[in-house]
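What follows is a single structure, written as structure tokens, with notes after it.
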Protein chains: 2
Amino acid sequence: MGHNPRPALHHPTLETVLVTAVLHALSDETRLSIVRTLHAEPDGRACGTFPVNVAPSTLSHHFKVLREAGLIRQEDRGTQRWTVLRVREVDARFPGFLNAVIAATEVASARS
Amino acid sequence: MGHNPRPALHHPTLETVLVTAVLHALSDETRLSIVRTLHAEPDGRACGTFPVNVAPSTLSHHFKVLREAGLIRQEDRGTQRWTVLRVREVDARFPGFLNAVIAATEVASARS
DNA sequence: GGTATTATTCGACATATTTCGAAAGAAGGC
DNA sequence: GCCTTCTTTCGAAATATGTCGAATAATACC
């Protein structure tokens with residue numbers, strides 16, 4: 001590999017994450033859309049493949065907020081950064097929360 | 001009554017409220033504390049009785065955010081403004097969501 | 001009408017957050 | 001080593017948000 005490998009990403013344990021940080025992370029339209037997409041695709045996705053309308057730098061910002069809120073796990077695969085939702089960990093920490101949020105967004109988009 | 005009664009407060013129907021607005025409303029420590037307090041007291045409370053540490057003007061701001069997110073209902077009783085959580089309406093619109101959020105905060109405060 | 005109580009509004013300030021383009025950087029292929 | 005691909009970082013700008021004190025305003029009591 002290269003002589004300066006990318007630094008390892010920090011993934012906080014769910015126990016250290018504030019409830020308000022999680023709620024804040026999900027209160028943004030773009031981040032909520034990312035989480036919905038990942039919830040429907042347990043195998044995850046590469047950064048550049050999400051159906052969102054923001055600049056790549058803004059997307060990096062949003063991934064960072066989600067990662068620091070403990071909602072996603074990311075790892076590098078070649079030039080791509082792969083993202084999965086930390087469903088089990090979030091469900092263990094906040095039982096029923098993620099499903100309720102996803103369900104709430106589905107009602108909203110069904111009405112649109 | 002007086003000749004200039006206070007204008008009626010606007011309480012949006014839950015159908016018109018964005019999921020992100022609800023999540024945003026709850027992503028603040030003070031507002032989350034208000035919602036927890038109200039969840040435990042279905043009869044509601046007067047504005048000045050909540051165990052929070054902010055100025056009255058800031059509290060008014062937070063009540064406004066919660067009201068506009070459709071989470072609380074407020075009415076005037078003499079010089080007091082009474083507040084209740086709109087539990088049934090929120091549960092009807094976002095089944096399981098409110099309980100999951102409250103449960104999440106209880107885990108958090110149990111760990112403190 | 002004056003006073004007390006309760007709460008809001010107003011305006012200002014500080015901080016937080018979202019956004020982007022340009023530059024930078026790592027991995028991979030040739 | 002160069003080029004391509006993918007993504008991040010940096011710095012800046014705009015917007016959003018939380019905070020407060022002072023002033024305002026309605027209700028209630030006398």
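Below, chains carry the letters A, B, ... as their sequence lines are ordered, and counting in each starts from 1.
- Within 4.0 Å of Arg81(A), counting heavy atoms only, lie sugar-phosphate atoms of the nucleic acid but no base atom.
- Residue order along DNA chain C, read from the 5' end via each residue's closest nucleotide, puts Thr79(B) first among Thr79(B) and Arg6(A).
- With sequence neighbours excluded, no residue forms a salt bridge (Lys or Arg N to Asp or Glu O under 4.0 Å) with Asp91(A).
- The interatomic distance linking Asn53(A) (CG) with dT18(C) (P) rounds to 17 Å, in whole Å.
- Backbone-only engagement by His62(B) is indicated by non-hydrogen atom pairs under 4.0 Å involving sugar-phosphate atoms exclusively.
- Results of the side chain to side chain contact (heavy atoms under 4.5 Å, CB included) test with Ile34(A) over Leu71(A), Thr83(A), Leu66(A) single out Leu66(A) as the only residue that passes.
- Residue Trp82(B) is not grouped with residue Leu85(B) when hydrophobic side chains (ILVMFWY) are merged at heavy-atom distances under 4.5 angstrom, including chains of intermediate members.
- What you find for Arg93(A) and Ala104(B) is that their closest heavy atoms are NH1-O, 4.2 Å.
- At a cut-off of 3.5 angstrom, counting only N and O atoms as typed in the model, there is a donor on one side and an acceptor on the other between the side-chain of Ser57(A) and the base of dG21(C).
- In the region residues 66-77 of chain A, proximity to DNA chain D at under 4.0 angstrom, judged on heavy atoms, holds for none of the residues.
- Listed by chain and number, the hydrophobic cluster partners of Val65(A) come to none, as no ILVMFWY side chain reaches under 4.5 Å of it.
- Of the two residues near DNA chain C, Pro56(A) and Asp28(A), the one whose nearest nucleotide lies more 5' is Asp28(A).
- Counting heavy atoms from C-beta outward, Arg31(B) and His61(B) have side chains that approach closer than 4.5 Å.
- Straight-line distance from the NE2 atom of His61(B) to the C1' atom of dA16(C): 13 Å, rounded to whole Å.
- The base of dG18(D) has none of its N or O atoms less than 3.5 Å from a complementary donor or acceptor on the side chain of Thr58(B).
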